[in-house]
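Computation of the quantities below employed the complete heavy-atom set of this structure, encompassing side-chain atoms and omitting hydrogens, waters and symmetry-equivalent molecules.
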Amino acid sequence: MRVPSRSPGQQPGSPPSPTAPARRRPSGATPRRPPAPAPDLAAYRAAVAELLVEVGALADAASTRARQVLIDERLREPALAAVLDATPQGLIGARETLLLEMARYQPNDRTSARDLGALVRIYLLSRIDVLWWQDAPTFVTDDQVNGSAELVDLEWLRRRDLLRFRYQEQPATILGRAARGLRRRLRPDATPHTAGLLFRRARREVVALLNEIGREFTAIAPPATPPLWVTSLVRSAEHQYRLRRLGYAAMLPSGHCLGYSVDVELAWFERFGARDALADLLLSRQEAGELNVIDEGQAWHLCVAPTARRRLRRAYEAEMGV
């Protein structure tokens with residue numbers, strides 16, 4: 001299905017008065033538009049939360065038409081429309097994509113969207129990532145991820161004790177998957193129940209962010225709490241489509257495919273009494289404007305804000321001595 005792009009906005013200014021002196025414009029020059037004000041993200045998140053209450057009241061199958069009418073009406077409200085219209089798809093494209101995602105939704109054990117409300121929340125809040133990084137190039141293929149000079153190898157850093165967080169890779173062989181399954185049976189709660197990273201690579205800014213959060217989390221968590229655990233980092237669009245076919249709520253476009261998004265484990269830290277502390281830490285960074293945070297249940301999705309990119313890059317260089 002082709003998603004329509006947004007229509008061009010109204011041109012600023014009004015025609016000059018007949019008595020006003022004509023101003024000659026150089027041939028081929030176009031008038032400069034004043035920069036549009038940045039959308040109010042706090043108002044957008046509040047409007048999404050209100051919409052979710054209404055979606056939850058129309059969750060049964062018989063309410064499909066009512067949900068469509070609700071989405072049509074609510075997405076045109078100023079707080080929501082301001083963000084959606086500033087994304088590459090625009091308001092109309094975002095609306096059509098969301099309705100298509102809702103029509104195709106099938107609950108399963110893999111997806112983080114446990115119900116329609118969760119699907120709507122994940123989709124709408126992930127549009128903030130797209131708004132922020134719409135000019136960033138996408139990692140289209142697995143080979144682009146593995147060969148990119150913009151990404152660093154986490155294993156190289158881990159072996160030098162330069163990471164303040166943990167992760168595990170996806171097993172690459174049948175033997176490896178069997179060994180992972182055996183360890184889970186013997187020690188079911190020793191690690192989070194996640195597939196692991198397909199790509200152990202990340203942007204330098206993301207490494208700096210995770211190291212900062214990891215240090216802060218260690219300082220505030222109860223004794224014996226394990227370090228911050230990362231469940232997903234950069235993905236290719238090729239891999240994102242594979243996840244969608246498997247039933248995951250893998251949205252497109254995605255901050256993961258740009259390298260600026262990461263998922264961190266939350267639910268597993270409940271057994272250590274540390275989940276709420278980590279959640280508060282992440283939300284405080286969102287309030288400070290450094291992150292976009294999406295509650296996806298077991299794991300939370302984070303995206304670096306463009307305004308934090310330079311500071312984090314400098315932090316990485318200072319910490320790594322480069």
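- Nearest heavy atom pair, residue Leu91 against residue Ala81, reads CD2-CB, 4.2 Å.
- The distance from atom OG1 of Thr111 to atom CG of Leu246, rounded to the nearest 0.5 Å, is 11.5 Å.
- Without hydrogens or angle criteria, Arg201 side chain to Leu151 main chain gives a donor-acceptor distance under 3.5 Å.
- Using cut-offs of 30° and 60° for the angle between ring planes, the Phe269 and Phe272 rings count as tilted.
- Between Asp263 and His256, the closest heavy-atom pair is OD1-NE2, 3.2 Å.
- Linking ILVMFWY residues whenever their side-chain heavy atoms come closer than 4.5 Å, directly or via other members, leaves Leu243 and Tyr167 in distinct clusters.
- Rounding to the nearest 0.5 angstrom, the gap separating the CZ atom in Arg235 from the CZ atom in Arg242 is 11.5 Å.
- The hydrophobic cluster containing Leu283 also contains Leu278, counting ILVMFWY residues as joined when their side-chain heavy atoms lie under 4.5 angstrom apart, directly or transitively.
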Stepwise side-chain contact (heavy atoms from CB on, under 4.5 Å) test for Arg95 and Gln89: CA-CA 9 Å; Arg95 168 194 171 277; Gln89 279 189 310; over 6 Å; no
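- Scored by the side-chain hydrogen bond (donor to acceptor under 3.5 Å, both in side chains) test, Glu296 finds no partners at all (sequence neighbours excluded).
- Within the 4.5 Å cutoff, the side chain of Arg164 has no heavy atoms near those of the Leu228 side chain.
- Taken together through direct or relayed side-chain contacts under 4.5 Å among Ile, Leu, Val, Met, Phe, Trp and Tyr, Val206 and Val293 form part of one hydrophobic cluster.
- Side-chain atoms of Val262 and Val304, non-hydrogen and from C-beta on, never get closer than 4.5 Å to each other.
- Put simply, the side chain of Thr141 gets close to the backbone of Gln144: a donor and an acceptor are under 3.5 Å apart.
- Side-chain contact between Thr191 and Trp229: present, with at least one pair of heavy atoms (C-beta onward) separated by less than 4.5 Å.
- With a 4.5 Å cut-off on side-chain heavy atoms, Leu154 and Val230 do not count as touching.
- With hydrogens and angles disregarded, no donor-acceptor distance shorter than 3.5 Å links the side chain of Arg200 to the backbone of Glu169.
- The hydrophobic clustering, which links ILVMFWY residues whose side-chain heavy atoms are closer than 4.5 Å, places Tyr44 and Met251 together.
- In this structure, Leu98 CG and Ile122 CD1 are separated by 11.5 Å, a value rounded to the nearest 0.5 Å.
- The shortest heavy-atom contact between Gln134 and Ala86 is NE2-O, 3.0 Å.
- In this structure, Ile220 and Leu281 approach most closely via the heavy-atom pair CD1-CD1, 3.8 Å.
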Please set out all donor-acceptor pairs under 3.5 angstrom arising from side-chain atoms of residues 315-322, sequence neighbours excluded.
unit_1 : atom_1 : unit_2 : atom_2 : d
Glu319 : OE2    : Asn211 : ND2    : 3.3
Glu319 : OE2    : Arg215 : NH1    : 2.9

Would you please test Asn292 and Leu41 for side-chain contact (heavy atoms from CB on, under 4.5 Å) and show each step? CA-CA 9 Å; Asn292 182 40; Leu41 297 184; over 6 Å; no
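- Here Arg45 contributes atom CZ and Ile128 contributes atom CD1; the two are 4.0 Å apart, rounded to the nearest 0.5 Å.
- Side chains of Val264 and Leu282 form a contact here, defined as non-hydrogen atoms less than 4.5 Å apart.
- Residue Gln298 forms a side-chain hydrogen bond (donor to acceptor under 3.5 Å, both in side chains) with just one option from His193, Arg114, Glu265, and that option is Glu265.
- More than 12 heavy atoms of other residues, nucleotides or ligands lie within 6.0 Å of CZ in Arg311, so this atom counts as buried by the packing criterion.
- Other residues, nucleotides and ligands place more than 12 heavy atoms under 6.0 Å from the CZ atom of Arg160.
- With hydrophobic clusters built from ILVMFWY side chains whose heavy atoms lie under 4.5 angstrom apart, Val145 does not share a cluster with Leu258.
- The structure places CG of Leu84 at 9.5 Å from CG of Leu131, a figure rounded to the nearest 0.5 Å.
- For Phe199 and Phe139, the ring centers sit 6.0 Å or farther from each other.
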Pair Arg244, Leu252 - check side-chain contact (heavy atoms from CB on, under 4.5 Å), show working. CA-CA 10 Å; Arg244 288 177 65 84; Leu252 288 164; 3.7 Å; yes
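- The minimum heavy-atom distance between Val130 and Pro88, with the atom names listed, is CG1-CD, 3.7 Å.
- By the 4.5 Å heavy-atom criterion applied to side chains, Pro253 and Arg127 are counted as neighbours.
- Within the 4.5 Å cutoff, no side-chain heavy atoms of Arg203 are placed close to those of Val234.
- Closest non-hydrogen pair, Ala113 versus Tyr105, comes out as O-OH, 2.7 Å.
- The distance from the CG atom of Leu157 to the CD atom of Glu155 is 9.5 Å, given to the nearest 0.5 Å.
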Worked verdict on Glu216 versus Arg285 for side-chain contact (heavy atoms from CB on, under 4.5 Å): CA-CA 11 Å; Glu216 293 176 16; Arg285 285 197 173 239; 2.7 Å; yes
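- Within the 4.5 Å cutoff, no side-chain heavy atoms of Gln68 are placed close to those of Ile71.
- Between Tyr260 and Trp133, the ring planes are parallel. Angles under 30° get that label, and only those over 60° would be called perpendicular.
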